[in-house]
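Remarks on the structure that follows.
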Amino acid sequence: MAGIVAAVVGVLLFSASARASDVPDPACVSAGLTDARVSTSVELLHDDRTFTKVVTKLTVDVPGDWVFAEALLLSGHSPGYTTAMACLTRQATGWQEPPRWWEWRPGLPEVTAEKDGRVHVVYEAHSWVSQFDKDLDVGIWRLRAGTNTWSLTLRPPPALGGAQWDKITVDPGAPGIESAQPWPAAEEDGSRLVWRPENRVSGARSAPAMVVVVRPSWQRSWAAQNERLTAQGLGWVGGLLWTAATSALLLWAVARYGRRHRRPDLVLDNLAHWAVVAVALFVLTYTDDLIRWYDESRRSEWWFEDALLRGHVFALAASALLLAFAKPPRRVWIAGGLLMLPPAVIMARPQTFHLRHDGRPMTSDLALAAETTASCCLLAVTVLGFLAVAWRLAADGKLIPKSRRPVARGAPPADRELRLRIVVPAVVAWTVAVALCYAFIEERNWQRASWLSDRGDPLYGYRHREDFLWEAMRSASDGQEWLLGYAWILTGIAMLAVLRTKHASKHSPLDDPADRLLFLAFFPIAVSVSGDHLANSLAEFLWTPVYMLALYAAVAPCREFAVLEQRFERSQWPLAAAAGTATRRKLMKDSRIYRETHAALRRLDQGLFGDEPPQRQSLEDELDNLHDWPAGGPLPFRDRLPAHVSVVDAALALGPRDSWWDNGVRGARCALIPSLLATLLSIWAGFVRGGAWRDTLLDLFGLPSMVLAILYWMATWVGGGFFLGALWRVLPGRRGAVKAIPVALAFAVPVALDALFGWFTREGAANLALHAATMLLVLTVTGIALDLDTFRGERRYWQSRLGLLLSIYQMRYYSLQVAYVIGQIIAVITIWQFFAEPAATPPAGGK
């Protein structure tokens, strides 16, 4: 596994560093550039994004007699081209200027040969202001973000110092500039400032020593300080508070269940233990980054072996904790121990593998192969521990179907086991795929940052390999942090296991106090969606009670309008009191008679009858008799359904199954098909559309993140279907499309609050509206599918499901449902077309 990755990395490094330079790398000369015409602009885009985006453009008309003019027309990878372009856009060539990790470009600069022999060059670049008190070089501009003000400094390349500068434009955005030196010559379009350099004595238009000071809004100023130790510490505290708050809810639910179940219980113990493990896992996963930020705030340099020790210790401890909780079979333990051995050995003896800083370059083949192997093993053992924990929680909660292997007659089906021969190939395949994507993106980022470096310089190959070595080391911690960011899945499995085995009421999860607490706490775990706001990391734990209260407030006050909460006419017992298997059989039989009788009445009204038309009175008497309810169960005597509730309404209110858990499971299954389409829409909006695809290819874990995002969105939409089905009997409305509204509203209210928060912080939140509209559409389709599934026993009598649906809803109701669904589809398309946007955050590929 690691050998494959190391071989691919070696090929990438060799192919990139083996190109020899055909010509020497001379110093840039300004001779011939005094007649060059130069214009440049820079724009600060503050609104609708987390970080301020810096967009710059440089336009140069190069005279044809410049020594490197023809080289600009060569391939973008030729030594002549890189030298010429470095002369026009950089302070120095080669390694005298370090690679720009925080500069992004839409592509190679546009180079055009003019008819008069001149060469027209257009160089565009952009970046995000997310670093505090550090120089951010974008194009020929340098931005430095301070606490209250930002400074923009023009840094013209030495080769262009004596050129003819026609126009310099600065658009600082709102609220404008604080000061400028020199003062601009003009103002365009409100906030755009223009300089036209010209020496009044000589007439020369050389580049001025220019500095513009901007005072940004507090929102963008706070975002720019994201990398400060204080901000990182607050983010760590916020994540810990969310994990601790969720764990506290789980322990509270366990205590409530414990009052009902006095004896020890396996699934309750799992939930209680996982509540503690989740907090410890968070500390082990994220503390090493906090320590690194602390070290960097105290000193400017730290050694490779120190970072190696810190990253591997925490990663090994987190993996061991996962396996210890999972208690897998002995073979899985052995596999985990073997995977932990390489990183432990490398961490204990880095000098053996040339990984100790002792004045020698740490770029040997042994060093790179050893660290790549260690990082791959750490990722693999994390995946193995994750799967082992998920299997244990699901198996103990009876969420995994029984084995289909034949057993002795009369013996119960055997439980499925976590088999090493299935798990190991899956873990290896996933690890190799992630590692190869990581190596590919890292190589791509390196080529982006070092595109103006001389490939023939021996220093190029050394720094290339050194960069790969550092990224391989960082991937051990970053990869585990990225993967365990989905530990909420394990929490959700533990909660589902308890709800599956310990629910007390068959009617509603809100009837029992213990079920109600755990069910409401599961809602934010399963379906919560929040915007990418920086302050969310600190206030993230507040969203858990917000989602819980939103669901309870959307359902509980409207429960009295639910069909099964209506009362019989005589006894005044609620209809739910008579709900049961016998009730379902009677309602299914009476519903068919009810629909056929109404169909006969419609034909009679339209004159569509045979030789002997039926008597209206007999048909009406038959309908009236269907409202009678026999005595039995809690009903002391024969009773009648309420006048405004038909037997079809009562049958649909029961749902397709006999308990809220089974209805919830059925709702999740019915949501699978619409969830696939909704997931594709969300993936396209978040990872592909517009500039999102570029950001995906810049993030070291961008490509595998798309795979996990599919799991995330599928869990969100299917989770919505589960809650719709589980709450089916207490939701108001007579048809599934109406029942979907309260659950969609419970999802939309926190999303709207999050969007309001994004408006307050002036960050983009358009995708939140898309998610809310998509959830309503998915739940509406799921609700209709649940109505159809309720009468699944009649499917064999109809040529298609559409015919059965028409019979269930009657034509007038069906027309309304179709119009309602079409309206939702139009709303989703409208939001997608005009409002949806990719996340405006800097990619994770920067250094």
Side-chain angles (χ1 to χ4, degrees), residues 21 23-42 54 56-74 76 78-103 105 108-109 111 118-125 127 135-144 151-170 181-182 195-199 201-212 449-454 456-457 459-460:
S21 178
V23 296
D25 183 10
C28 293
V29 291
S30 58
L33 287 177
T34 55
D35 292 334
R37 296 191 297 270
V38 185
S39 298
T40 184
S41 64
V42 63
V54 186
T56 180
K57 182 178 181 180
L58 172 67
T59 303
V60 184
D61 277 332
V62 180
D65 58 353
W66 185 47
V67 64
F68 295 122
E70 294 183 355
L72 290 170
L73 302 175
L74 299 177
S78 63
Y81 176 90
T82 56
T83 299
M85 194 59 68
C87 290
L88 297 179
T89 62
R90 297 290 189 265
Q91 297 295 310
T93 60
W95 292 104
Q96 298 178 22
E97 181 167 308
R100 294 188 178 182
W101 294 103
W102 287 97
E103 180 185 89
R105 302 173 306 280
L108 290 175
V111 180
R118 303 175 72 91
V119 180
H120 186 73
V121 179
V122 179
Y123 173 48
E124 297 180 352
S127 185
D135 292 333
L136 177 65
D137 291 323
V138 188
I140 63 172
W141 294 87
R142 169 170 288 179
L143 188 146
R144 191 175 186 89
S151 63
L152 267 172
T153 305
L154 178 66
R155 302 179 72 243
L160 295 178
Q164 303 299 309
W165 288 72
D166 294 334
K167 185 177 180 180
I168 302 173
T169 305
V170 176
Q181 181 63 37
W195 285 259
R196 300 185 183 275
E198 183 175 2
N199 190 308
V201 178
S202 63
R205 302 194 301 272
S206 57
M210 180 175 153
V211 179
V212 177
S450 63
W451 68 295
L452 292 180
S453 302
D454 182 9
D457 190 340
L459 192 59
Y460 176 87

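This chain uses plain numbering: 1 for the first residue, then up along the sequence. From a predicted model like this one, the values you see are computed outputs, not experimental measurements.
Rounded to the nearest 0.5 angstrom, Arg155 CZ and Thr89 OG1 are separated by 11.5 Å. Interatomic distance, Met85 CE to Leu108 CG, rounded to the nearest 0.5 Å: 8.0 Å. Once rounded to the nearest 0.5 Å, the distance linking OG of Ser151 with CG of Asp135 reads 8.0 Å. The structure places CD1 of Ile140 at 11.0 Å from CZ of Arg90, a figure rounded to the nearest 0.5 Å. Here Trp141 contributes atom CH2 and Thr153 contributes atom OG1; the two are 8.5 Å apart, rounded to the nearest 0.5 Å. In this structure, Asp61 CG and Leu33 CG are separated by 11.5 Å, a value rounded to the nearest 0.5 Å.
Residue Thr34 comes nearest to Gln164 through the heavy atom pair O-NE2, 3.3 Å, listed as atom of the first residue, atom of the second, then distance. Across all their heavy atoms, Ile168 and Pro197 have their closest contact at CD1-CG, 3.9 Å. The nearest pair of heavy atoms linking Trp165 to Leu160 is NE1-O, 3.0 Å. Of all heavy-atom pairs spanning His120 and Thr59, the tightest one is CE1-CG2, 3.2 Å. Closest approach of Pro182 and Met210 over heavy atoms only: CD-CA, 4.1 Å. Across all non-hydrogen atoms, the minimal contact from Ala69 to Val119 is O-CG2, 3.9 Å.
Side-chain contact between Val122 and Lys57: present, with at least one pair of heavy atoms (C-beta onward) separated by less than 4.5 Å. When side chains are defined from C-beta on, Leu143 does not count as touching Ser127, because their heavy atoms never get closer than 4.5 Å. For the pair Phe68/Cys87, a side-chain contact is recorded, criterion being any heavy-atom separation below 4.5 Å from C-beta on. In this structure, the side chains of Thr40 and Val42 stay at 4.5 Å or more apart for every pair of heavy atoms.
With hydrogens and angles ignored, the 3.5 Å screen pairs a side-chain donor or acceptor of Arg100 with a backbone N or O of Gly139.
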